[in-house]
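Following: one structure in structure tokens, then a few remarks.
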Amino acid sequence: MPSMIQKLRASGQWDSVHLIAVVTLAAALLLGGGGAAGPLNNGILASLGLFLLLTVLWAHFTNRRCLPNIAIWPALLMLGLLALGLFQLTPVANAPWANTPGREIETALLALFGENVARPLSIDTAATKRALAGFLLPFGLLMAAMGSTKTQFRHFFVTIFAGLMIHAAWAIMQIALGYPEHLSIYDGRRVLEITGLFANPNHFGTFIALGILAIAAWNVLSSKGSRSRRRGNSARTKLKAKLNQPSILALVLCGPLIALLALLGSSRAGLILVTIAIPVALLAAFRPKSSKMVISFLLLAPIVLVIFDLLSPQIDLASTATRLWDPENIRLAILPDLLYVTESFWPWGVGLGGFDGAFRANENLDFLIPFYINHAHNDWIEWTLETGIPGVALMGAFLLVTIGLVIKALRNASGEGSKLRHAMLVAAAALLLAGLHSLIDYPVRMATINAVLAIFLALLWLPWLAARDQGEPVSMKKRVGFGIVLLVIGLAMASQLIRLYAAQAAFLDRRAAAAVALDPNHGTALAAVAARATQGRDSAQIIPVARKALIERPYSANAVRAIAIALELDGDPNNPAWPLAAALGWRDGPTQLWAFGQALEVGQFDIAALRADALMRTQDQPEDFEQVLWQLASIPEFREKLVDRLELDPFWRKRWLSAGPGQTGQAIDGSVALMDDLRANGKLSREEMRGSLRAMVQTQRFADAQRLYDELPKTPSHKGLVDDNGFEYQADLYKGKLTPFDWNLREGGGFLSQVEGSADQNLYLETDGRGNYVLVDRTLSLDAGPHSVSLIVEDSDGDASAFSVAMVCVGEEDRLMLERLDDGANTIEFTVPQACPAQVFLILGRISDRYSGISVDDVVFRRNEG
């Protein structure tokens, strides 16, 4: 009985190139969704792409499987990319790009060494090498597919479908198990989103759309030649015949499932792409003849979306459309800065993979958040920024050739070839979807997606693939010899690829020294090593490493900072390295702190406020920096500029203001003045004032606290501090969000404090009777003299006597009064002494013999006459 391998060989469809190509594609589908988060996987896939490319060359030059003549175009494209990479990586002294406006800082940095340093165009050589290596996988698959038959193309699309179902199964497990951490495989943390085997839900949505189109391509390539029509062939019979095809069954049965995953996911772009892919796939699969049927297919997807919008609480298409074009959407917000950076480095670009350093040095402070945007989220702009005129010309040539060949193929298709029109339209739709998504994201940088696109691209050129030259068979000796040479070359190159990606993995794992050991030219890791060397305070150890780092990656603020420290150690305290480090963006904390101090020292308060904002936005400030800001707020000139920054509503504003100052005199002075200024500008909430009021009360600045509180806008039901009729706010406002002068519910074991009711709200309290608990408190500022408090208590469980009310002076332990509560109306009298300008009213749970609960309402404070 023949073995499986013998059967595969006998079929004539499973030659060595095709087998390696299918294995490589399968590996890309399973391992290639991590992007920058999966560097080791990227290294494995780049190595597989390299071996596949070498196998294709071996098969071609030994006449085992010759490439078609049309393969000259992707071959030229590969050579163009290789030339572009060499151009960007070759060090040149006095290079023409040195005079580009964006390179001014780079030129000044290299001048620190006092010599004419030759350096490459790329501002991150390690990233450029990884970017070039990333093309090996799609090019290998493209060249392998360009020598494929229709049957072999079907194998590719069946493999894509199988990979899609594995991703879908993984996504279903994520949903069913509540998104556990171990199913978010790339970042090691719990992500409450459907991602499949991707790191990003947006890229998973794109893959779903491409997978739906892959099923349609599989069907078109599986269709048989046209048969003579028989009488009585009904539409039902034709539909039944269609549904007997595996590809149609996959589309009909599995399509809704994977479309549902896109609908339940958090990717707006994925939802739109799937919406486009569904009608294209159905049109290609069923190939309706009448225009009515075509229109019906086109209307099917939006109808399904509207149904889901009506039935599913997780889908809101109107909200999705609004958010997509929201001016505050970070993708749109950074567009002016992307264009500015692109223009600054035009016409040469910054080198493949160099976006990070270029954008980081020119990042807009107003959009700064702790998490860095490591891509432009617009691959067309990012490609232009990184490659300049050479890259734009290369991309333009590729698009023109591809579009021209496709148009020619569609015009010339006839007979059996006319059926390929649908396959080519599906492939064109796949590339179009990727191009559209690239306007707002970077999907093509994912190995999984660019591997699938390589197959679709080869499918576009299917009409020419049969036209190939068949040379004379090559002897076994020559085939083996050529194979050994290519294998040795492949192993040598693959070892370097693995080292390149392993270095990046070590760096991401915060092992900079290991990264440098693996790749001595890893500029980012060298900068980190130089920065760490500053702890040893030895300039001889710092400068050589920092110098190497700046040659490989000049836009590294921590490397420049390391040089600044080294020059200080050598006796140059006013060296030019510090200002240059400060010019490289906002994200190096020690550099920002230096620039902040320098600006304060020379009275540049606007610059100091900018640097303070950067430190707070990046959360890279010293531990006591927030209190320093409160103290500096007492300086009118600095406070004015700080208010300007706060008026932009940075994300740290509410947290910092709500926390409040420490109990030092200057910090309290600063908080009083800052609250006044913010209130005068009309933008200050009760929650933001809470921390400052608390600090003022604790430091006995009662007059300031009361004045600021009285000037706050009150809710419509508010009747004043002394007579507010109890708990008139919503329940969730009582849990630490208001000011010390408002009711504050306590939380803890053994008791419960909450506000109940809607129109007539009241306070509900419970205690287990096992301890003396403070259940709710409120700060007051009553004048000296006799007062009373009245409240209505209603037993709900147990005895009201398990609860007490108390009044104490702020900062004192002696009680002005302590009384048990009774069921019904309660009135308790007390006297406020002259030395007690602020008081705290408390409701307490007492030690008792049982669990008890009460409802409290109509709490009113009154001043007694006489």
Under 3.5 Å, which donor-acceptor pairs do the side chains of residues 45-58 form with other protein atoms, sequence neighbours left out?
| from | atom 1 | to | atom 2 | distance (Å) |
| --- | --- | --- | --- | --- |
| S47 | OG | G43 | O | 2.9 |
| T55 | OG1 | F51 | O | 2.7 |
| W58 | NE1 | R479 | O | 2.9 |

Side-chain donor-acceptor contacts of residues 205-214 below 3.5 Å, not counting sequence neighbours, with atom names and distances?
| from | atom 1 | to | atom 2 | distance (Å) |
| --- | --- | --- | --- | --- |
| T206 | OG1 | N202 | O | 3.1 |
| T206 | OG1 | H437 | ND1 | 2.4 |

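Between W170 and G196, the shortest heavy-atom distance links the atoms CD1-O, 3.2 Å.
Ring planes of W218 and F161: tilted class, angle from 30 to 60°. Ring geometry, F157 versus F153: the interplanar angle falls under 30°, so the pair is classed parallel (tilted spans 30 to 60°). Between F156 and H18, the two ring planes are perpendicular [angle over 60°; tilted spans 30° to 60°]. The aromatic rings of F204 and F198 sit tilted relative to each other, their planes meeting at an angle between 30° and 60°.
With sequence neighbours left out, H167 forms a side chain to side chain donor-acceptor pair (under 3.5 Å) with no residue at all. Listed by chain and residue number, D509 satisfy the salt bridge (charged side-chain N to carboxylate O under 4.0 Å, His left out) test with R511 (two or more places apart in sequence, or in another chain). Residues satisfying the salt bridge (charged side-chain N to carboxylate O under 4.0 Å, His left out) test with D356, not counting sequence neighbours, are R360, R553. Among residues two or more places apart in sequence or in another chain, the salt bridge (charged side-chain N to carboxylate O under 4.0 Å, His left out) test is passed with R119 by E106.
Ion pairing between a basic and an acidic side chain is recognised when a charged N comes within 4.0 Å of a carboxylate O; R445 and E386 show such pairing.
With hydrogens and angles left out, the side-chain atoms of H375 and E382 include a donor and acceptor closer than 3.5 Å. Judged by distance alone, the side chains of T128 and Q88 never bring a donor and an acceptor atom under 3.5 Å apart. With hydrogens and angles left out, the side-chain atoms of Q504 and D519 include no donor and acceptor closer than 3.5 Å.
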